[in-house]
Protein chains: 2
Amino acid sequence: MAWCDAGAPDGSCAPDPDVRERLLRAAVEVFDRKGYAATSVREIVEHARVTKPALYYHFKSKEGILVAILEEGARQFQEAIARAAASKGTARQRLVALCEQAYGLFRQNVPVVRVAHAVYYGPREGLPAFDLTVFERKLVAAIRQIIQDGVAAGELQPGSVEHMSIAISAVIAVCTDQEISPHSTPVGLDGLHGVLDVVFEGMLARHLPGPES
Amino acid sequence: MAWCDAGAPDGSCAPDPDVRERLLRAAVEVFDRKGYAATSVREIVEHARVTKPALYYHFKSKEGILVAILEEGARQFQEAIARAAASKGTARQRLVALCEQAYGLFRQNVPVVRVAHAVYYGPREGLPAFDLTVFERKLVAAIRQIIQDGVAAGELQPGSVEHMSIAISAVIAVCTDQEISPHSTPVGLDGLHGVLDVVFEGMLARHLPGPES
DNA sequence: GTCTATACATCGATAGAC
DNA sequence: GTCTATCGATGTATAGAC
């Protein structure tokens, strides 16, 4: 009756290396859709077409599978940040590249990002045994480093490194938030570039010397 | 034995208009701390020093008390937005005032904002019967109106109304997020002003004609 | 309006066979 | 490694007295 009977002539279930992967995918899908606390282990295992003890074997608890999801997400995220931090060009080009990397990665992993977001801004009690601050810290550190380089090169305004860092991370955050919210319309890559242009060049009209003065 | 015995000579419990208010405060506190789904009705009523049927009398369910919290929050939020939208001055002054209003209101109601945030970005299934988009819609509409006025007056750059709107709401969002996150350090009013300065004036250094050219 | 007591479902996690 | 069967705790919500 179990799904694995089909491939086993003797009717036995050979160890399935796929079970862990299916459990992870199913957990992300259900955590994203219903929220971690509202998700029951029964839903996860049914969606993954395995039984309950299989989950408790591969991960030791319901929290264990959440931590595994966050760890994999953090790994990919840090790789993307490191790639972007090593880019070359002007500070503006490098910051745009960093934002593109982060935004692109988020768009390709919306369900995982939603789960991580819910945990990051979620309840202070019942938190998983996982350091959630890596995301924010690595990203802000990379942004600040590029900005400091740009200030040193005379490309960016001096004296506002901290405020500029916050402005750049604000752009990434607003694009991400709109992407993962079920209520908003996505900003898109063009929108990201447009908003970054605003932040780099400012909102105020330049009062060039003209005939109408 | 019940708390109300103290004020009732005959030992009876007079109808207590305070019960509803205590239930609301307690629910906000526990929803914020543990998350809506992970909160049990028992915890709320214990914290409010009432019994379970009292909650089901004043609100009809666990979801009912969440909706009541969100409705009260939306009411205060819309009042603050309307106040700021009616302000006078340059577009920059009015946008700064709007951001101050929103940020100030959030800072004074961090627990409620955290609950609303968790619901807004929370699971798509099991949503309360409440239109969460009012927050975003009213705020963005107010921002866009001020920006359009500023463009018409020649104060702001033409052609990027949408991107400028996103940039301003990004500043509000990043300040709010840092305020409600248990992991970040608050931006503060000075920080808000600094980031807004960056967005209005741009990050790029102005290359004024100088002796070193 | 507020209480005590409880119905009834579902939860996370495990025991023990294979 | 994966199964069936089940434990004990806890969940929301209500019935009925006062």
Are the charged groups of B/Glu79 and B/Arg75 less than 4.0 angstrom apart, N to O? yes
Options C/dC3, D/dT2, D/dT12, nucleotide nearest the side-chain atoms of B/Pro53: C/dC3
Are the charged groups of B/Glu21 and B/Arg25 less than 4.0 angstrom apart, N to O? yes
Check the distance between D/dC3's C1' and A/Leu55's CG and give it to me in whole angstrom. 15 Å
Has A/Thr51 got a side-chain N or O lying under 4.0 Å from the OP1 or OP2 atom of D/dC3? yes
Atom CZ of A/Arg22 and atom C1' of D/dT2 are separated, to the nearest Å, by 12 Å
Provide, to the nearest angstrom, the distance between the CZ atom belonging to B/Phe59 and the P atom belonging to C/dG1. 13 Å
Below 4.0 Å: OP1/OP2 of C/dC11 and any side-chain N or O of A/Ser40: yes
How long is the line joining NZ of B/Lys62 and C1' of D/dG11, in whole Å? 8 Å
Could you tell me whether the side chain of B/Lys62 and the main chain of B/Thr39 form a donor-acceptor pair under 3.5 Å? yes
Name the closest nucleotide to the B/Tyr57 side chain, picking from D/dG1, C/dT2, C/dG12. C/dT2
Check the distance between D/dT14's P and B/Lys60's NZ and give it to me in whole angstrom. 9 Å
Among B/Glu43, B/Arg49, B/Arg42, which residue satisfies the side chain to side chain contact (heavy atoms under 4.5 Å, CB included) criterion with B/Glu46? B/Arg42
Send over the distance from B/Leu23 CG to C/dC3 P, rounded to a whole Å. 10 Å
Can you measure A/Arg42 atom CZ to C/dC11 atom P for me and round it to whole angstrom units? 6 Å
Rounded interatomic separation in angstrom, taking OH from B/Tyr56 and P from D/dG16: 18 Å
